[in-house]
Undergrad: 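Below you'll find the structure I mean.
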There are 2 protein chains.
Amino acid sequence: MEYTISRLAEIAGISTRTLRYYDEFGLLSPARISSNGYRIYSQKEVDRLQQILFYRELGVPLDEIKKILSSKDFDRQAALESHLSALRAKRKQLDLLISNVEKTIKASRGEIIMSDQEKFEGFIQKLIDDNERKYGEEAREKYSNESVDRSYAKLKSMSKEQYEELEKLTAELNETLKAAFEQGDPGSELAQKACELHKKWLCYFWDDYSKEAHIGLAQMYVDDPRFTAYYDKIAAGCAEFLRDALLIYCK
Amino acid sequence: MEYTISRLAEIAGISTRTLRYYDEFGLLSPARISSNGYRIYSQKEVDRLQQILFYRELGVPLDEIKKILSSKDFDRQAALESHLSALRAKRKQLDLLISNVEKTIKASRGEIIMSDQEKFEGFIQKLIDDNERKYGEEAREKYSNESVDRSYAKLKSMSKEQYEELEKLTAELNETLKAAFEQGDPGSELAQKACELHKKWLCYFWDDYSKEAHIGLAQMYVDDPRFTAYYDKIAAGCAEFLRDALLIYCK
DNA sequence: TTAAACCTTTACGTAACGTTAATGTCAAGC
DNA sequence: GCTTGACATTAACGTTACGTAAAGGTTTAA
């Protein structure tokens with residue numbers, strides 16, 4: 001079955017402008033261009049557009065969607081499973097919001113007391129997104145999309161409390177790393193503790209921890225200036241120190 | 001309790017940039033500016049920000065949020081009730097999406113057959129938004145925000161099938177109106193049928209129909225060039241004809 | 001005193017389209 | 001064949017809601 005641009009736009013519930021933009025962007029090309037210059041879409045494009053819209057619904061930026069779908073490792077089945085997981089997480093967040101409104105209604109009637117923090121329960125999307133973008137994006141580029149999509153779903157389902165725990169863990173990791181760095185020995189007890197904390201930190205993002213992935217990431221910290229910059233904010237040379245410590249830890 | 005900008009941003013899960021933007025935009029001003037020039041927010045601002053974030057979560061553009069919250073008719077309790085209603089509607093849409101993924105997974109395994117239309121079930125947000133914007137926005141300006149917010153929630157909860165029914169009804173209304181207009185008599189049976197259809201059409205948007213609201217809207221069709229343009233696409237003079245017919249219908 | 005964290009304003013840039021204009025193509029009706 | 005409306009194209013400007021960076025002032029703790 002073939003579609004012109006408006007037919008496809010109509011069934012998908014989007015504008016023709018969007019489809020043209022996606023073509024221009026290289027995200028979704030038509031199957032062919034007919035003799036009159038019109039875009040013609042087929043079954044394959046329908047399925048690809050569906051995937052795009054799922055990712056879009058989950059807030060994934062278009063350039064990332066493009067990367068994911070273009071990867072030779074892309075697995076449709078796995079992607080669908082991860083959409084399911086992410087959508088369920090999103091529903092949980094929505095339930096938090098619904099619960100928040102219900103509580104706010106009660107508070108406004110004087111039936112309960114609500115803290116200012118509670119009033120924003122469920123509105124942590126941006127913080128989560130930002131955090132994922134800071135840490136997850138780089139990982140996504142290095143590892144299979146399937147794994148990263150599952151990680152994304154996992155992060156999305158974090159409660160605010162878990163998120164705060166992650167923040168604490170991050171702070172503790174950075175402190176420990178700094179102290180170990182000042183000692184100067186990647187094999188020291190303190191350095192190995194930092195590595196343990198780093199592993200724990202990673203398990204907030206990764207479903208399946210593996211030593212080789214950990215080492216690979218550590219090497220990336222040194223190779224990629226953005227990561228180097230992040231750790232070298234703690235102290236200059238800290239990214240390399242962490243890599244050296246992790247080489248020992250993961251042996 | 002008072003907050004500096006970063007404290008408020010933190011508990012709300014948004015950026016300080018967002019708060020500054022909202023200040024500049026006139027959406028959320030601080031309670032006061034301290035002697036050192038810093039923005040200081042209080043309880044009232046906390047509650048207002050919560051409202052803003054609920055509307056934002058529901059996809060309401062900032063300028064509309066501003067209008068709603070600035071209206072002297074704004075009723076916090078009613079707004080919270082409408083957020084609840086809208087969030088529940090949004091949850092329903094999310095359920096549709098989840099169901100869609102589940103079905104797509106089965107289809108990809110060859111367990112079921114799925115039409116191309118079904119593959120986009122739940123992705124009708126944009127169409128609904130556009131439709132609401134086209135028809136609902138004008139009504140919002142004229143009638144109480146409470147009523148419109150409920151209408152918004154009602155439209156949001158429409159299934160795709162209901163939406164298609166609405167499209168059919170719109171087409172039928174336009175045809176009938178055209179035929180009646182060609183007859184030239186606002187009191188004719190056909191013209192009164194068009195009015196009946198128009199009422200039916202409105203009840204997709206309005207919880208509470210009233211004759212005076214209907215007449216008011218009809219007058220607006222003539223007064224506002226955007227509405228006049230819409231109906232005069234059917235035939236020049238059609239907006240006035242519809243008003244005249246409705247004046248008779250609503251008597 | 002110093003440094004880090006926090007605050008301000010200003011200003012440029014961005015993502016993902018929406019809207020408009022100009023023009024070509026197709027199909028149905030006269 | 002002609003006309004008209006629907007559908008298609010490309011190009012280009014505009015929009016919304018911030019993100020990011022720069023420059024500089026204020027507060028706090030060591």
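Proteins get letters first, then strands, A, B, ... in listed order; numbering begins at 1 in each.
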Undergrad: Taking atom types as modelled, is there a side-chain donor on B/E57 or B/H83 under 3.5 Å from an acceptor on the other?
TA: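 B/H83 and B/E57 do not have a side-chain donor-acceptor pair below 3.5 Å.
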Undergrad: Heavy-atom contacts under 4.0 Å between residues 34-50 of chain B and DNA chain C, which residues?
TA: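 Listed by number, they are B/G37, B/Y38, B/R39.
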Undergrad: Using a 3.5 Å distance criterion without hydrogens, assess whether the side chain of B/S82 forms a donor-acceptor pair with backbone atoms of B/A79.
TA: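 Yes, the answer is positive, given that a donor and an acceptor are paired below the 3.5 Å cut-off.
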Undergrad: Can you tell me how far C1' of D/dT9 sits from CD1 of A/I5, to the nearest Å?
TA: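 So the two atoms are 9 Å apart, to the nearest Å.
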Undergrad: Using whole Å, what does the distance between atom P of nucleotide D/dC18 and atom CG of B/L28 come to?
TA: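 Going from CG in B/L28 over to P in D/dC18 covers 12 Å.
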Undergrad: Quick one: ring-ring contact (aromatic ring centres under 6.0 Å, His included) pairs with a partner in residues 18-53 of chain B, sequence neighbours left out?
TA: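 For residues 18-53 of chain B, and leaving out neighbouring residues, the ring-ring contact (aromatic ring centres under 6.0 Å, His included) pairs sorted by first residue read B/Y21-B/F25.
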Undergrad: Output yes when at least one side-chain N/O atom of B/S6 is less than 4.0 Å from OP1 or OP2 of C/dA5, else no.
TA: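 So the side-chain polar atoms of B/S6 never come under 4.0 Å of the phosphate oxygens OP1 or OP2 of C/dA5.
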Undergrad: Rounded off to whole Å, could you give me the CZ-to-C1' distance for the B/R17 and C/dG13 pair?
TA: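 Rounding to the nearest Å, CZ of B/R17 and C1' of C/dG13 are 11 Å apart.
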Undergrad: State the CG-CD distance between A/L8 and A/E2, to the nearest 0.5 angstrom.
TA: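 Answer for the CG-CD pair, A/L8 versus A/E2, is 12.0 Å.
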Undergrad: With a 4.0 Å limit, can you tell me whether A/R20 has a side-chain N or O closer than that to the phosphate oxygens OP1/OP2 of D/dT9?
TA: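 Result: yes.
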Undergrad: Write down the distance between NZ (A/K66) and P (C/dA16), rounded to a whole number of angstrom.
TA: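 These atoms are roughly 11 Å apart.
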Undergrad: Is there a side-chain contact between B/S15 and the phosphate of D/dC18, meaning an N or O under 4.0 Å from OP1 or OP2?
TA: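 The answer is no; no side-chain N or O of B/S15 sits under 4.0 Å from OP1 or OP2.
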Undergrad: C/dC6 P sits how many Å from B/Y3 OH, rounded?
TA: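 Rounding to the nearest Å, OH of B/Y3 and P of C/dC6 are 17 Å apart.
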Undergrad: So, A/R48 side chain and A/L27 main chain: donor-acceptor pair closer than 3.5 Å or not?
TA: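 Judged by distance alone, yes, a pair lies under 3.5 Å.
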Undergrad: Do you know which two heavy atoms are closest between B/L49 and B/A12, and how far apart they sit?
TA: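 The answer is CD2-CB, 3.6 Å.
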Undergrad: A side-chain contact here means heavy atoms from C-beta on lying under 4.5 Å apart; do B/Q50 and B/R76 qualify?
TA: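 B/Q50 reaches B/R76 side chain to side chain.
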Undergrad: May I have the distance from A/L19 (atom CG) to C/dC17 (atom P), rounded to whole angstrom?
TA: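 One finds 10 Å between P of C/dC17 and CG of A/L19, rounded.
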Undergrad: When you measure from the side chain of A/D23 to the backbone of A/S29, do you find a donor-acceptor pair of N or O atoms at a distance under 3.5 Å?
TA: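 No; zero donor-acceptor contacts below 3.5 Å.
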Undergrad: Grab the two heavy atoms, one from A/F120 and one from B/V46, that are nearest each other, plus how far apart they are.
TA: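 Minimum heavy-atom separation between A/F120 and B/V46: CZ-O, 3.6 Å.
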Undergrad: Are any of A/T4's side-chain N or O atoms less than 4.0 Å away from OP1 or OP2 of D/dA8?
TA: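 Result: yes.
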Undergrad: With the criterion being N/O to N/O and under 3.5 Å, what pairs connect the protein with nucleotides 14-17 of chain D, and how long is each?
TA:
from   : atom 1 : to    : atom 2 : distance (Å)
D/dA17 : OP1    : B/L62 : N      : 2.9

